[in-house]
Amino acid sequence: MFPEVAHELPLLQNLNPEQKAAVTLPNEHALILAGAGSGKTRVLTTRIAWLLSTGQISPGGVLAVTFTNKAAKEMMTRLGAMLPVNVRGMWIGTFHGLCNRFLRAHYKLANLPQSFQILDTQDQLSAIKRLMKQFNVDEERFPAKQTQWFISGNKEEGLRPNMVEVRSDEDRKKVEIYQLYEDQCNREGVVDFGELMLRSYELLRDNDPIREHYQRRFRHILVDEFQDTNKLQYAWLKMLAGPESSVLAVGDDDQSIYAFRGARVGNMADFVREFEVKHQIKLEQNYRSFSNILDSANELIAHNKTRLGKNLRTDQGPGEPVRVYEAPTDLAEAQWMVEEMRHLVRGDGPEGSMERKEIAVLYRSNAQSRVIETALFNAAVPYRVYGGLRFFERAEIKNALAYLRVLENPNDDTSFLRVVNFPPRGIGARSIEQLQDAARVAGCSLHDAVSATTGKAGANIGAFVAKIDVLRERTAGLTLREIIEQVLQESGLVDHYKAEREGADRVENLEELVNAAESFVTQEGFGRDAVALPIDEHGTMLRQSPASQGLDPSLPEVILRHAQDDRTAPDYVPPDAETGETLSPLAAFLTHAALESGDNQAQAGQDAVQLMTVHSAKGLEFDCVFITGLEEGLFPSERSMTEYEGLEEERRLMYVAITRARKRLYLSYSQTRLLHGQTRYNVKSRFFDELPEGALKWLTPKNQNFGGSAFGYGSGYPSTRTSNYSRDTTPSFANPAVPVQKAAPAHGLRAGMKVFHTKFGEGTVLSIEGLGDDARAQVNFPRHGIKWLALSVAKLTPVT
DNA sequence: CCGCCAGCTGTTTTT
DNA sequence: CAGCTGGCGG
């Protein structure tokens with residue numbers, strides 16, 4: 001089948017010209033600049049479906065990579081709905097998930113045990129702490145957190161210890177720790193997230209047959225959220241893309257909000273240059289929001305200097321104006337919001353009632369959720385907070401997993417230490433230290449060092465190890481469910497939490513772990529996350545029986561034909577090519593737990609208002625969105641304001657926030673906010689000055705001061721108490737010039753003001769605290785940095 | 001060895 | 001304000 005025919009495929013119906021162009025691109029590198037709400041995921045999945053159904057590629061030739069499991073799952077679901085193809089056999093997954101799959105397949109070449117386990121961020125930190133203690137590294141000078149950041153940062157740059165540039169003694173020490181950490185991980189047979197990526201990259205780089213095989217295999221590489229890729233991920237993609245491959249990168253530079261964790265928007269420009277990209281398509285048609293919302297987003301983001309350039313448009317009308325609200329306090333802001341929501345849900349607004357789950361409250365930092373939660377709770381409005389600990393990160397779950405990991409791999413010292421005295425069994429720091437010394441001398445794991453330890457100190461530990469070893473023997477041959485049940489019992493975890501006053505939830509979670517394992521086995525089919533390729537270490541593919549290729553028999557003939565040629569698209573766990581050894585269900589489940597940390601909160605099904613940070617809202621959409629705390633120092637955040645780059649990222653963050661809304665958008669801020677136990681006086685965010693006045697509707701007068709005047713809830717509905725202002729609903733509402741009635745503090749300073757100091761020169765007020773003689777201002781002086789100044793002493797004069 | 005209390009430190013997050 | 005960590009006392 002050829003493109004002319006393909007154009008008639010039902011797949012391509014209802015795509016706009018740009019989308020269609022993107023979906024049917026020739027097999028060459030391409031960059032799709034996909035604006036918010038422009039149907040990005042649809043284009044990606046349709047592209048894959050189109051390639052498959054026109055016979056241009058077989059399922060095994062596709063590699064599609066995302067950042068989150070959620071995105072990967074969505075892609076597979078949507079693809080599965082479009083084509084009767086077994087999506088599990090394709091390489092669709094997260095960067096780390098795919099690297100895991102790759103390393104499992106080539107564990108020998110990667111120098112890893114077949115059942116290597118993955119350290120999450122917590123595990124990594126405790127491994128580093130342990131190591132630093134052991135080597136007497138001064139934790140004052142080298143905080144473990146900072147060391148962790150150093151190590152992961154370098155891995156993400158693709159740098160091994162010997163490649164890190166050393167510019168000071170401190171650097172030298174850090175590199176030394178980095179090296180020791182690597183040795184420790186290798187000894188224990190564990191890898192961290194960065195290692196999954198880095199080792200995959202190096203294996204591809206250093207092994208020609210392997211690289212060439214995968215390059216030949218993956219003729220189509222599709223990358224989602226390309227603007228979020230870091231240096232190593234980019235290098236990895238470059239390594240996988242062969243002369244015959246075409247890379248389709250989809251991204252939006254305006255939605256790059258993860259620079260703080262190593263994402264390089266510059267990868268987009270590099271990609272265009274280094275891959276000699278021939279096709280660049282902009283998806284600017286937005287299917288999500290009304291134009292008042294979209295115009296606001298467009299005008300705001302236009303204030304950024306470094307952009308590839310893109311403007312969203314919509315066919316929908318202006319819709320409602322963007323409502324702006326100023327509150328005297330953070331509590332008042334929250335209460336107003338709750339009141340507003342009740343109207344929306346009750347349905348006395350213009351467009352009928354709204355579901356609670358279609359209302360989202362966004363904020364810059366998690367700390368802001370507290371006041372809002374209080375207000376919602378008091379008003380008995382159901383709500384759900386995103387963020388916080390995910391299922392597999394909870395302490396009780398991590399403890400259970402640690403037992404399981406020690407069963408699977410006795411050399412996993414991190415896990416060993418986590419549970420050696422939990423539940424408490426009389427093993428103290430003293431005995432553990434002894435054990436660690438013994439292990440270091442013998443150059444073995446803690447587990448193996450036990451037999452060498454003698455005396456009283458060793459007795460308890462000996463009992464522990466014996467218990468683990470017995471458990472390992474006894475659970476051999478049992479199902480995953482049975483293994484976990486046994487471990488939960490025999491470890492004493494369940495009993496321990498049952499005895500605890502508030503342990504009921506934890507016991508429940510442990511039971512939930514059994515369920516999770518059960519559904520992992522039945523639904524997922526164990527080990528499917530760890531499908532290895534039937535290829536030997538010379539890069540020779542091993543032939544599979546067609547029946548085992550996991551293909552739906554109802555597939556279009558053309559796909560089947562291709563699939564039969566493709567010997568590397570199985571959907572089951574292939575054994576090791578030499579020994580026939582395969583990953584145990586337990587090891588597979590542990591991998592799953594590390595790579596997919598699970599949902600973060602229960603009661604997902606309930607119709608509840610959604611609370612989350614702007615970051616976690618990325619990729620989601622809601623009928624109604626409240627963006628709260630739009631204050632200088634909060635959003636944009638204080639820390640970002642010193643550098644221009646930082647401010648641009650804050651602006652992109654705001655852009656992401658605005659574009660989450662479909663129908664209704666509220667922006668609010670408060671003059672006063674309780675932060676770190678102190679009242680802070682804030683001014684409204686500069687972002688307000690960057691929005692189109694015509695699209696906004698101020699529910700409170702601009703710059704209103706709340707010095708005692710009666711303050712009504714400006715809900716915008718005629719039926720409720722309103723302020724005297726802004727009752728009309730026309731989108732092009734021009735704000736009347738309201739006289740600024742200021743009861744300004746004696747010093748007359750506000751955050752955001754430029755001031756002059758006789759010694760430090762000109763600076764910007766970041767915040768003001770305290771009243772009267774206690775009043776202090778935090779001022780950022782370009783020359784001298786950020787200073788706190790007592791206003792009764794320092795003479796600051798405003799600069800105009 | 002366990003529990004308590006003082007002191008500190010507070011963006012954003014996925015894997 | 002609050003949650004967490006680490007140090008110290010029982």
Side-chain angles (χ1 to χ4, degrees), chain A residues 65-72 93-100 118-126 129 133 139-140 143-145 149 152 155-156 191-198 200 224-225 228-230 232-233 256-263 330 362-371 374 386-390 392-393 395 420-432 457 460 529 591-598 600 612-619 629 633-642 646 649-650 652-654 656-657 673-680:
Chain A
V65 61
T66 65
F67 275 87
T68 63
N69 291 301
K70 204 177 154 202
T94 63
F95 278 101
H96 295 88
L98 295 179
C99 285
N100 171 61
I118 299 164
L119 298 184
D120 67 16
T121 319
Q122 287 176 45
D123 301 330
Q124 187 188 32
L125 185 65
S126 57
K129 276 185 180 164
K133 256 194 204 110
E139 289 209 44
E140 297 274 281
K145 271 253 170 66
W149 188 79
S152 332
K155 285 193 183 185
E156 279 166 14
V191 298
D192 58 40
F193 288 129
E195 189 68 29
L196 282 172
M197 284 292 326
L198 183 51
S200 303
D224 192 18
E225 305 275 20
D228 288 338
T229 51
N230 63 34
L232 178 58
Q233 285 157 340
S256 157
I257 55 173
Y258 285 113
F260 72 92
R261 65 172 198 215
D330 49 354
L362 309 186
Y363 33 80
R364 174 66 237 265
S365 74
N366 285 306
Q368 288 168 255
S369 77
R370 194 167 215 96
V371 217
T374 309
Y386 278 70
L389 278 193
R390 272 178 268 276
F392 287 116
E393 288 166 2
V420 65
N421 194 35
F422 193 92
R425 47 175 74 85
I427 298 169
R430 188 179 74 255
S431 353
I432 289 169
N460 284 337
D529 283 342
T591 303
H592 167 81
L595 286 176
E596 208 165 328
S597 31
N600 45 25
M612 65 193 84
T613 63
V614 181
H615 280 95
S616 37
K618 189 173 164 211
L634 238 201
F635 198 179
S637 92
E638 209 160 274
R639 314 250 318 230
S640 71
M641 281 167 27
T642 38
E649 180 147 318
E650 293 290 303
R652 291 193 290 268
L653 196 53
M654 181 65 185
V656 167
R673 187 171 294 275
L674 210 57
L675 195 67
H676 308 327
Q678 276 177 318
T679 306
R680 296 184 48 135

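Letters go in sequence order (proteins before strands), and every chain restarts at 1.
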Could you state the [atom1]-[atom2] distance from [X] to [N], rounded to the nearest angstrom?
X: Arg261(A); N: dT15(B); atom1: CZ; atom2: P; answer: 9 Å
X: Ile257(A); N: dT13(B); atom1: CD1; atom2: C1'; answer: 9 Å
X: Lys129(A); N: dC4(C); atom1: NZ; atom2: C1'; answer: 10 Å
X: Glu225(A); N: dT13(B); atom1: CD; atom2: P; answer: 15 Å
X: Phe193(A); N: dT14(B); atom1: CZ; atom2: C1'; answer: 8 Å
X: Leu675(A); N: dA2(C); atom1: CG; atom2: P; answer: 12 Å
X: Arg673(A); N: dT11(B); atom1: CZ; atom2: P; answer: 15 Å
X: Asp120(A); N: dT13(B); atom1: CG; atom2: C1'; answer: 13 Å

Exercise for the section: Tell me which of Gly426(A) and His676(A) sits closer to the 5' end of DNA chain B, going by the nucleotide each one is nearest to. Expected result: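 Per heavy-atom nearest nucleotide, the more 5' residue is Gly426(A).
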
Handout entry: Under 5.5 Å and under 30°: Phe260(A) stacked on dT12(B)
Key =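 Yes; centroid distance and tilt both under limits.
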
So if I take every side-chain heavy atom of [X] and compare against [options], which nucleotide ends up nearest?
X: Glu650(A); options: dT15(B), dT13(B), dT11(B); answer: dT11(B)
X: His615(A); options: dT13(B), dT11(B), dC2(B); answer: dT13(B)
X: Arg370(A); options: dT12(B), dA2(C), dT15(B); answer: dA2(C)
X: Thr68(A); options: dG6(C), dT14(B), dT11(B); answer: dT14(B)
X: Ser365(A); options: dT14(B), dT11(B), dT15(B); answer: dT11(B)
X: Arg390(A); options: dT14(B), dT15(B), dT12(B); answer: dT14(B)

Handout entry: dT11(B) phosphate, OP1 or OP2, under 4.0 Å from Thr613(A) side-chain N/O
Key = no

Practice task
Ignoring backbone atoms, test whether Asn69(A) places a side-chain nitrogen or oxygen under 4.0 Å from the OP1 or OP2 oxygen of dT15(B).
Solution key: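 Looking at the OP1 and OP2 atoms of dT15(B), one of them is under 4.0 Å from a side-chain N or O of Asn69(A).
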
Problem - Under-4.0 Å salt bridge between Glu650(A) and Arg364(A) - result: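 Arg364(A) and Glu650(A): salt-bridged.
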
Which part of the nucleic acid, if any, lies within contact of [X], taking any heavy atom under 4.0 Å across all strands shown: a base, the sugar-phosphate backbone alone, or nothing?
X: Asn366(A); result: sugar-phosphate
X: Asn421(A); result: sugar-phosphate
X: Phe67(A); result: sugar-phosphate
X: Phe95(A); result: nothing
X: Ile427(A); result: sugar-phosphate

Practice task
Measure up the Phe392(A) and His592(A) rings against each other and bin them: parallel (under 30°), tilted (30 to 60°), perpendicular (over 60°).
Solution key: perpendicular

Problem - Donor-acceptor contact present, side-chain Asp192(A) to main-chain Ser152(A), <3.5 Å - result: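 A pair under 3.5 Å: no.
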
Practice task
Would you confirm whether Ser126(A), through its side chain, and Asp123(A), through its main-chain N or O, come within 3.5 Å as a donor-acceptor pair?
Solution key: yes

Handout entry: Check against side-chain contact (heavy atoms from CB on, under 4.5 Å), Ile257(A) and Phe260(A)
Key = CA-CA 8 Å; Ile257(A) 55 173; Phe260(A) 72 92; over 6 Å; no

Problem - Partner of Lys618(A) by side-chain hydrogen bond (donor to acceptor under 3.5 Å, both in side chains), out of Thr68(A), Asp228(A), Thr613(A) - result: Asp228(A)

